[in-house]
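Here the structure is laid out as structure tokens; the discussion comes afterwards.
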Amino acid sequence: MSTLVAATVGAAVLAASPASGAASTLAAAAQQSGRYFGTAVAANKLGDSTYVGILNREFDMVTAENEMKMDATEPNQNQFSYGNADRIVNQARGQGKRIRGHALAWHSQQPGWMQNMSGTALRNAMLNHVTQVATYYRGKIYAWDVVNEAFADGNSGGRRDSNLQRTGNDWIEAAFRAARAADPGAKLCYNDYNTDNWSHAKTQGVYRMVQDFKSRGVPIDCVGFQAHFNSGNPVPSNYHTTLQNFAALGVDVQITELDIEGSGNTQAQQYQGVTQACLSVPRCTGITVWGIRDTDSWRASGTPLLFDGSGNKKAAYNSVLNVLNSGTGTTPPTTTTTTSSNPGGGGCTATYSEGEKWNDRFNGNVTVTGTDNWVVTVTVSSPQRIIATWNTSATWSSANVMTARPNGSGNTFGFTIQHGGNWNWPSISCQAA
Ligand code: 9MR
């Protein structure tokens, strides 16, 4: 009864004000599910009023595009330089935005003096750099990319050769330990590219490293997926599987440098898919795009961002905003219901749990307690369809409503939902037969 009243009132409000409940900026929309929406910022653009206007309005997390890298912050050994990084940090903090630190240790963009070092001297210089920079910014950084891009491309699944790697395979964990000691409040991330496709060797290599770190107590809190996509490196259909599998290791996952070359609806759909993949993984805590306007991008000719060169919102912007506002994949449904239908009592409880997810479908499992003789109703919402079931005998009272009964396989059964873009969980109710 009360549900019916609420639904009626909700419909009336919606009709009067279609935008009611929908956030109008990326940050506000992401915050509805406890996430952030960030961008890379370049210090030399902070005088551009169009740029700063969009930055202040749309984003609540900032990454310095180049200004916190090793060559910028330690141009001469043991002489640290934070001017440009501080301009970005101060601008962001003045607007109440948080900061992702990028990056403490990397084979690329090393200062000249470091490029020529090796062995123990290089290891110590790297650790000193990590310690000094993380200490300087202690308390101001939400998450650090402690180590960036340390795995090899191609099929090896192993480490990339570099002067840092040649100091010993433990250089990555040493960097993480130094960062933790210097700023215990920052989340510590490993960040890389071409790690989006779950079946790629590089993805598997990073996964094994994170698994190993977690098992040995190396302090790692998050994995960053850069997500630089184009036609040669498209958004993989198993992206949410990758994010989910990493998250299941006990780390947060973040999309850290998103850009997708293209235009129009094709680009908008790919942005939608990436945003959807993050929203479908509870530990995907936020998305950062790698620049504001297309003309700000390191790949400007590929027009890979959410705003055009004049600062206008593109179709891709609208698709991201809509997905964030829909919150799909993030709203837990009613997961358990107990109903007693037989006069002698004997109710039952049906508990839903998430199963595997794919681009076009996801699995769910239901476990029934209380009786071995149950009837569970599973209701999916349009355009979802149940396309497979197991361990149950199923009948349909309509296309959206399945009735499941025991088939001798026990009290846990499952099904596959083809979601058509709707990631909401089904509603479940149980009756003792
Ligand atoms: O966007 C950055 C560009 O301005 C720099 O010239 C370049 C130098 O390596 O780095 C770009 O940012 C990279 C990021 O730091 C790490 N992942 C790949 C990014 C794009 O190249």
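First listed ligand is number 1; within each ligand, the first listed atom is number 1. Note that the coordinates shown come from a computational prediction; the quantities given were computed from them, not determined experimentally. Counting from 1, the numbers follow the sequence of the chain as shown.
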Result block: side-chain N/O donor-acceptor pairs under 3.5 angstrom for residues 150-157, not counting sequence neighbours:
{"residue": "D153", "atom": "OD1", "partner": "K202", "partner atom": "NZ", "Å": "2.7"}
{"residue": "D153", "atom": "OD2", "partner": "Y193", "partner atom": "OH", "Å": "2.8"}
{"residue": "S156", "atom": "OG", "partner": "G158", "partner atom": "N", "Å": "3.0"}

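The protein non-hydrogen atom at the shortest distance from atom 11 (C) of ligand 1 is K69 NZ, 3.6 Å. Shortest contact from atom 5 (C) of ligand 1 to any protein heavy atom: N66 OD1, 3.3 Å. Of the protein's non-hydrogen atoms, E65 OE2, 2.4 Å is the one closest to atom 1 (O) of ligand 1. Protein heavy atom closest to atom 8 (C) of ligand 1, with residue, atom name and distance, is Q109 OE1, 3.0 Å.
With 3.5 Å as the limit, one finds no donor-acceptor pair spanning the side chains of D252 and T285. No side-chain donor-acceptor contact under 3.5 Å links N78 and E74. Under the 3.5 Å distance criterion, with hydrogens and angles disregarded, no donor-acceptor pair is assigned to the side chains of S162 and R160.
Residues Y136 and F80 place their aromatic rings such that the two centres sit no closer than 6.0 Å. Checked against a 6.0 Å centroid threshold, the rings of F213 and Y190 do not count as neighbours.
Considering backbone and side-chain N/O of W290, one or more are found under 3.5 Å from N/O of ligand 1. Here's the thing with E257: one of its N/O atoms is less than 3.5 angstrom from an N/O atom of ligand 1. The shortest N/O to N/O separation between S108 and ligand 1 does not fall below 3.5 Å.
Set against the non-hydrogen atoms of E149, the atoms of ligand 1 under 4.0 Å away are 16 (C), 17 (N), 18 (C). Residue-ligand proximity, N148 to ligand 1, at heavy-atom distances under 4.0 Å covers atoms 16 (C).
Residues passing the salt bridge (charged side-chain N to carboxylate O under 4.0 Å, His left out) test with D296 are K45, R293, sequence neighbours excluded.
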